[in-house]
Each structure stands twice: as C-alpha cells, then as structure tokens.
Amino acid sequence: MRVITLSCENCGSIVAGNVLERYHRVSCPGVECDNTLRFTKLDESDREYLVAHAKEYRME
Amino acid sequence: MKGVVLAGGTGTRLRPFTHTMPKQMISIGGKPVLEHAIDKLRDAGITEIGVVLGETGHEAIQSYFGTGEEFSADLTYIYQGEALGLGHAVGCTESFVDGDSFVLYLGDDILQHDISEFISQFNPEEYAGSIAVQPVDDPSRYGIVKTNSDGHIIGMIEKPSDPPTNLAGIGVFAFTPAIFDEIEHVEPSWRGEVELSDAIQRLLSAGEIFQSHVAEGWWYDVGTPEDVLAANRAVLDGLPEETRLSHDEYDGVSGRVSIGEDTEIESGAIVRGPVHLGARVTVESGSYIGPFSTIEDDCSIKGAVVESSVILQDATISCDARITDSIIGQSARVSESTQSGAGHRLLIGTDDEVSL
C-alpha cells in the first residue's frame, strides 16, 4: 500500500493522506498548533492516487 | 536514532473502558501504558519520538503528553486515522523518520527491563532490522520468529499451529528506512490491514538480515482486563524499596506504597503494599487497600476492601464490600444499596462485566 502523508508546515505534525482525502481538511494534530491541513495541499499526483484508490484505505 | 510509538487501534477487548479512553492510557501501576513506553525510549537515549494516533482517544493522549517536554521527550504526533494495520501506521512515519533508523515500540506493550542493550546491539550497517523476542510457553498464541544458528531471523509466522520456535515478538523493533519501500509493496491482508510482518518477510526474502534480540524480564501486551491486572501486579511488584517509607504520618501503612500529592489516609485505614495511590486520593477510616492495587488520582475509598485491582481516576467506592481482581472505570461509583430487601441494583451498559 502506498502511504501518503502531509506534514504541517508550522509544527511538523503529520496526517495520513487517506484521512485528508476522506475529510478534505483536518485540524493539525500538533498540540500547540492551530493550523488546518487540507487535501488540496498534497501534490496533484498524490491526490489523484488517493481518489482513485479510496476504497483501499477504508476498513469495511 | 528516532523512536516511533503506535497508539492507535480500537481496544475492543478492553471495553467498556475503551469506549471513553484509548487503551494506551489505561493506568498500570499509576502510569498510562503509553507513558511506560515513552519512558523506556527516553531512558535508552531516544528523545525524538513520533506518536501514531488513531481515530479514537487521541485527544486524551495529546492532552496528557502535550509536547512531551514534561517527559523529557520531543513528541511529534502522526495522525493515522482509520486502523489500516501496523504496516500503514509505520508507513505514516516515513517523513518523521526522515532517512534515519528508528525503534518501533507498540504502545500497548509493557516491558520490565530497559531497551538500551537492544538498541546498542543493532547495527544498521549490518542489519535491515532487529526484533526483540522472548521464549513463551504457548507459541501458537503469538507472532513467532524462526531463526538460524546465528540468531538471525529467517521467517515470521503469526499464531502458527505448528510453531518452529517458541520465540515471540514482544512489540519492540528496530528498522532501517528500507522498511518503507517494502510497505509500499504490501497489499492489505484478508482482514483489510497492511501487515508489518509481510513487509518484514519481503526484506527477508530479498536476502536482508534481521537480528533477534532475546529480552529478559516480563512483558505484557495489555489487550485484555486480565492483562491489565497482571501487568499492574508486575509493575507494583517492582516498586523500589525507597517507597517503603517510615510512614510516621500514616499509621496503618506498611510495605512499599507510592503516595501521590495531597492524598489522605485517615486513621483507621489500612494500606498494605505494594500499592500505588495517586494524588488527592482519600482512603477513609475502615478501608483496606491490599497488595497490588493501583488507586488513581482523585479516587475515594470509603469503607471498602480493595485488593489486586486498578481503580481509575475519580472513581468512588463507598460500600462495605471486598473488591478484588477488578478494574473500576473513570468516575465510576460503587456504593451501598439503599433498597430494603434482597437484590442488587445494577446499571450495566454495553460491554460492562459484573460478577456477583
């Protein structure tokens, strides 16, 4: 499985790309960071991959 | 070298407690399971630690540990989201690890001894990884490693019906970044998860070498209430002699007893160690706290006998009863019935368990 992530540019915390594909934006998990991480911040090729393989990243 | 601790998963076998808290925050001897893990990494010299969080309970973890400063660690939170397997969880740490070798510690495992030797024996120039193992009595219940005469791992089998060895993985690994390339090639298993063991097997099949490190001392995978109680017992059994205080101000206290700030033990109460009492605990006269009990912060024990049990934060036990081998959840209340006549008044929710 290709594991894609996005790091917060403010604090370095990390969110899985499949979470961003599902929810489009997520509060940064960094404790003292109020940044929002967005699906659109991923590279285009990563976004396309996550959308095309969305089912792989779901536990049914 | 960096550290990675996995703190996701749903903890289904620890319900009902895990309905409201992550399993890694269950108290063992007065500290969450996860704190034991972070302590082990820090004590071995690893202070840059990535904590992989799942969908549920991550706020409790972040609230407790913060940036890690209070624990002399520098924590980076990595949000995995849905539990897609250990392989996916580890894969999420690639940018945090950033080309370094790293120690992976499964956050619901608790070990007796430190991991300094495990780390010092791992040479990333020579090995693709190392797995801490221990002989077990019933290998068919565990992930088992197969080794050659040099102690190198040549295979891994989950819960084998015909175990080749009795060496079980105890949830501590060391990896080079090579593991990430293999994770990318692993397809989800029949249960929909990306199995870390499949990624390791790919490296082994490609001729890479993994060390096995036989660890001493006890270890527990704290996945069931029985495991919680057993691990709690083991941790309290290791309370240092310094906790055997003079207890001049506490008449009825004997043995090794760790006592938190502002805790009150009334005259007429008995505490027999090894016991951990958290902060702001009240033990009223007529109560007995017996060996291998952990009473967390802000609990009140009023007249009860508590032995070999874990009482989680802010619980109250106010009844003339003997509580043994039990786990009482956060803010739970066990009280004397006010009803006349025989019978027990019970309010029991989903996954709760009561023995009468």
Side-chain angles (χ1 to χ4, degrees), chain A, chain B residues 2 4 7-10 48 50-55 58-59 61-70 74-98 179-196 198-199:
Chain A
M1 176 185 274
R2 190 167 149 197
V3 184
I4 296 165
T5 58
L6 181 66
S7 298
C8 174
E9 64 267 24
N10 286 358
C11 72
S13 300
I14 297 163
V15 174
N18 47 285
V19 173
L20 292 169
E21 185 276 325
R22 192 167 192 172
Y23 299 108
H24 292 277
R25 52 184 184 181
V26 170
S27 297
C28 175
V31 167
E32 293 169 345
C33 183
D34 56 9
N35 197 15
T36 298
L37 301 186
R38 298 173 194 273
F39 182 58
T40 49
K41 288 289 190 182
L42 287 168
D43 290 344
E44 185 180 350
S45 61
D46 287 343
R47 295 200 308 270
E48 285 174 358
Y49 185 91
L50 287 166
V51 169
H53 296 85
K55 278 189 185 171
E56 274 180 39
Y57 298 97
R58 304 267 197 272
M59 293 290 279
E60 300 301 344
Chain B
K2 295 190 173 107
V4 169
T10 49
E48 277 188 83
V51 180
V52 182
L53 303 172
E55 278 183 318
H58 55 88
E59 300 92 343
I61 293 171
Q62 290 163 302
S63 172
Y64 186 87
F65 290 101
T67 61
E69 188 177 352
E70 196 185 318
D74 178 10
L75 301 183
T76 296
Y77 291 105
I78 300 159
Y79 185 63
Q80 176 194 16
E82 205 165 354
L84 296 175
L86 296 188
H88 179 262
V90 173
C92 288
T93 71
E94 186 171 6
S95 60
F96 164 73
V97 167
D98 195 21
I179 193 69
F180 296 114
D181 288 336
E182 302 310 322
I183 288 169
E184 192 163 329
H185 291 99
V186 171
E187 295 292 324
S189 66
W190 64 269
R191 51 182 187 171
E193 294 187 6
V194 180
E195 308 285 359
L196 181 63
D198 287 347

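Every chain is numbered from 1, with letters handed out A, B, ... down the list of sequences. Note that the structure is predicted; figures quoted are calculated from it, not measured. Reckoned from all heavy atoms, side chains included, excluding hydrogens, waters and symmetry mates.
Residue B/His185 touches chain A through its backbone alone, counting heavy-atom pairs closer than 4.5 Å. Residue B/Ala199: no heavy atom, backbone or side chain, is found under 4.5 Å from chain A. Contacts between B/Gln62 and chain A at a heavy-atom distance below 4.5 Å involve backbone atoms as well as side-chain atoms. Residue A/Tyr57 touches chain B through both its backbone and its side chain, counting heavy-atom pairs closer than 4.5 Å. Within the 4.5 angstrom heavy-atom criterion, only side-chain atoms of B/Glu55, from C-beta onward, approach chain A.
Highest contact tally toward chain A, considering only B/Phe65, B/Phe96, B/Tyr79, is held by B/Tyr79 [criterion: heavy-atom pairs under 4.5 Å]. Taking B/Ile183, B/Thr76, B/Leu84 one by one and counting their heavy-atom pairs under 4.5 Å with chain A, the maximum is reached by B/Leu84.
Environment of CD in B/Glu59: crowded, with over 12 heavy atoms of neighbouring residues, nucleotides or ligands closer than 6.0 Å.
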Derivation of the salt bridge (charged side-chain N to carboxylate O under 4.0 Å, His left out) call for B/Lys2 and B/Asp98: CA-CA 9 Å; B/Lys2 295 190 173 107; B/Asp98 195 21; 5.0 Å; no
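The two residues A/Tyr49 and A/Arg2 have their closest heavy-atom pair at CD1-NH1, 3.2 Å. Smallest separation of non-hydrogen atoms from A/Val19 and B/Gly81: CG2-CA, 3.7 Å. Shortest non-hydrogen contact noted between A/Glu56 and A/Met1 is O-CE, 3.3 Å.
With no hydrogens or angles considered, no side-chain donor-acceptor pair links B/Glu193 and B/His88 at under 3.5 Å.
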